Amino acid sequence: MWERERKRKKRLVIGSIAGIMLLLAAVYFGMAFYFNSHFFFRTKINGWKVGGMSLEEAEGKVGEGVQDYLLTVFDRDGEKHHIYGQDIACEYVPDGSVEKFLKGQNPFRWIVAVFQPEKEDVPVTMKYKEELISDAVGKMDCFQKENIVEPENAEIKLGDDGYYIEPEEMGTHMVFESVLEKVKQAVSDGDSEVSLTDEDYVNPEFTKESAQVKDAMERIEKYENAEINYEIKDYEEKLTKEKIRGFIQTGENYSVSLKEDEIEKYVQNLASTYNTYADVRPFKTSSGDTVEIGGGDYGWIVNKPGEAEQIKADLEAGKPVSREPVYSQRPFVEGKDDIGNTYIEIDYTKQHLWYYENGSLVAETDVVTGNISRNNGSPDGVFKIVYKESPAVLKGEDYESDVTYFMPFAYNVGIHDASWRNGKFGGSIYKSSGSHGCINAPLEVATILYEKVKVGTPVVAYYREPVELTAENAKISNAYSYVDPEAKKEEGTEG
């Protein structure tokens, strides 16, 4: 009896346990079935509680925030601009992310999820009204006319310290179509912010890093480096970097060229400063006094076209150089006193000639010069011995004379012996019985001069009283006292 009771109780216990197990299994599998289409309790999507919700309910919850949607647009300067969801009629359009999250949920792990809540962030993809989003973008501050700064290309400018590159101005002019497309994409993806880059702007065509700009600066620097140190005795003259800058001009598309007119002005100034050709200068005579004498064809002459071309060539070469100016004529000696201490001096008034060599008197003599009464006065000025000839035949319109030595210095006027003078020189012979312009000298002195004097030796010839020379040789030789006969006639008529 007792044994039967014990067995009955045992069967009841086992049955109860089995019943409980079946009940628990039914609950577990029932919940698993439920969570096959519902989210686990305590699950959050984008911060929203969706535990126990179906797919549709959860997507509805996720989409609740669309009405408060705000897209922040960052321009390239970091400034913020905003697009509001309500202004573009945003609506949430599920992209399958919530469904994918649900399908990835293992329903048999629902008990674990009670202690380990699930969290997920999904994009809030949206649709909008096309006409509204375009209008919203257009109303952004950055597209208002008063806020738009146009881009500016980098510029090459000349400042106090030389040429430099003024950096480009990037500006704030955005490309509407580009910005609109980025905003559309961001809204469609449900993004909360989007950053604009250089590709969304109207940018300068040329920046300080552009090859054209760098090439232009290199060319300018090359010109500036080509300083010229002129080798002119007793003077200091330098074409400096500062002066060179005045020769440089920049043009469209960063072209760099030289201002030829400015180079020519500089060369003209160079010639005006250093040319001594025909300069009026003080000359200390052998008599001890000082006379003013100019004219003639002696002295330095800067070859202006040649020097201008050489300057351009030096600048193109881009390296500093030391050189002489390009001359078309050089005097017998260099320096400020280009007559030096080797020269022939002729005093027409005193009818006397001296020859000095290295400061020492080598020869002197009385002479007979051009016949003043017949308008054949000898040319005055500073000249040079052009050539020497022995023997020579002197020819004119009405004469032909044989001489042993001939040393011309002013066109066809020169120093020569004159045997027909029978040893009579000096005094006032020249006033009535002078030559056609040449300087008649005794044979013995002419011989010394011919032997000693070199071609190029200066000849300083002067009158001590005012004279008017109208002969052709005076005109051609640029005589100091030359007067144009026609001009003189006009003056007489006016008087």
Side-chain angles (χ1 to χ4, degrees), residues 283 285-287 293 295-298 331-332 339-357 360-372 376-396 399-427 429-431 433-464 467 469 471-474 476-481:
F283 176 77
T285 72
S286 295
S287 301
I293 186 64
D297 61 359
Y298 184 80
F332 196 60
I339 293 175
N341 56 10
T342 297
Y343 57 87
I344 296 172
E345 175 187 351
I346 306 172
D347 185 334
Y348 291 138
T349 303
K350 293 186 176 182
Q351 291 289 284
H352 203 79
L353 176 152
W354 297 263
Y355 170 55
Y356 294 90
E357 193 173 282
S360 298
L361 181 62
V362 174
E364 66 171 310
T365 181
D366 284 340
V367 293
V368 175
T369 61
N371 191 328
I372 288 290
N376 286 330
S378 299
D380 56 348
V382 183
F383 306 95
K384 58 183 178 295
I385 298 297
V386 181
Y387 63 89
K388 299 190 296 183
E389 185 178 359
S390 178
V393 178
L394 308 180
K395 295 181 180 180
Y399 71 92
E400 181 174 310
S401 303
D402 294 326
V403 297
T404 305
Y405 305 108
F406 181 49
M407 292 158 278
F409 61 85
Y411 182 44
N412 59 356
V413 172
I415 304 167
H416 61 79
D417 53 290
S419 57
W420 56 89
R421 292 289 178 189
N422 297 315
K424 295 180 180 180
F425 298 92
I429 298 173
Y430 77 104
K431 292 184 178 180
S433 185
S435 69
H436 291 88
C438 284
I439 287 72
N440 296 175
L443 177 61
E444 59 271 22
V445 175
T447 302
I448 295 172
L449 295 178
Y450 190 86
E451 292 175 350
K452 295 280 188 179
V453 174
K454 295 179 180 179
V455 171
T457 298
V459 177
V460 183
Y462 55 89
Y463 292 93
R464 290 180 173 276
V467 297
L469 306 177
E472 188 68 12
N473 58 30
I476 295 174
S477 64
N478 191 36
Y480 184 56
S481 298

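Nothing here was measured: the structure is a model prediction, and the numbers come from that model.
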* **Aromatic contact, F383 with Y298 (centres under 6.0 Å)** =>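 Between F383 and Y298, the centre distance exceeds or equals 6.0 Å.
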If every non-hydrogen atom of [X] is compared with every non-hydrogen atom of [Y], which pair is closest and at what distance?
X	Y	value
A441	I415	CB-CG2, 4.4 Å
A461	P379	CB-O, 4.1 Å
L469	A479	CD1-CB, 4.0 Å
A392	F406	CB-CB, 3.7 Å
K350	S287	NZ-OG, 2.7 Å

* **Y462 and F283 aromatic ring geometry - parallel, tilted or perpendicular at 30°/60° bounds** => tilted
Has [X] got a side-chain atom pairing as donor or acceptor with [Y]'s backbone, closer than 3.5 angstrom?
X	Y	value
Q351	T369	yes
K384	P458	no
H416	N440	no
T365	V445	no
D417	T404	yes
T447	L443	yes
K388	V453	yes

Sub-4.5 Å side-chain heavy-atom contact between [X] and [Y]:
X	Y	answer
W354	L361	yes
I293	V460	yes
T342	F332	yes
F425	P442	yes
Y399	H436	yes

Distance from [X] atom [atom1] to [Y] atom [atom2], nearest 0.5 Å?
X	Y	atom1	atom2	result
I385	M407	CD1	CE	6.5 Å
L449	Y405	CG	OH	10.5 Å
N478	D380	CG	CG	10.0 Å
R464	D347	CZ	CG	4.5 Å
K395	N412	NZ	CG	13.5 Å
I346	L353	CD1	CG	5.0 Å

* Go through the steps to decide whether S378 and Y430 satisfy the test side-chain contact (heavy atoms from CB on, under 4.5 Å), and finish with yes or no. => CA-CA 10 Å; S378 299; Y430 77 104; over 6 Å; no
* Asked: Would V413 and F409 count as a side-chain contact (heavy atoms from CB on, under 4.5 Å) if you check the C-alpha gap in whole Å, the side-chain angles of each, and the deciding distance to 0.1 Å?
  -> CA-CA 6 Å; V413 172; F409 61 85; 4.2 Å; yes
* To do: Given side-chain contact (heavy atoms from CB on, under 4.5 Å), test V455 with T457 step by step and report yes or no.
  => CA-CA 6 Å; V455 171; T457 298; over 6 Å; no
* To do: Could you please spell out the steps behind the side-chain contact (heavy atoms from CB on, under 4.5 Å) verdict for Y463 and I372?
  => CA-CA 12 Å; Y463 292 93; I372 288 290; 4.0 Å; yes
* State whether a side-chain donor-acceptor pair under 3.5 Å links H352 with D366. => yes
* Asked: Between Y356 and S286, is any side-chain donor less than 3.5 angstrom from a side-chain acceptor?
  ->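 There is such a pair between these side chains.
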* To do: Please step through side chain to side chain donor-acceptor pair (under 3.5 Å) for the pair E345 and Y343, ending with a clear verdict.
  => CA-CA 6 Å; E345 175 187 351; Y343 57 87; 4.5 Å; no
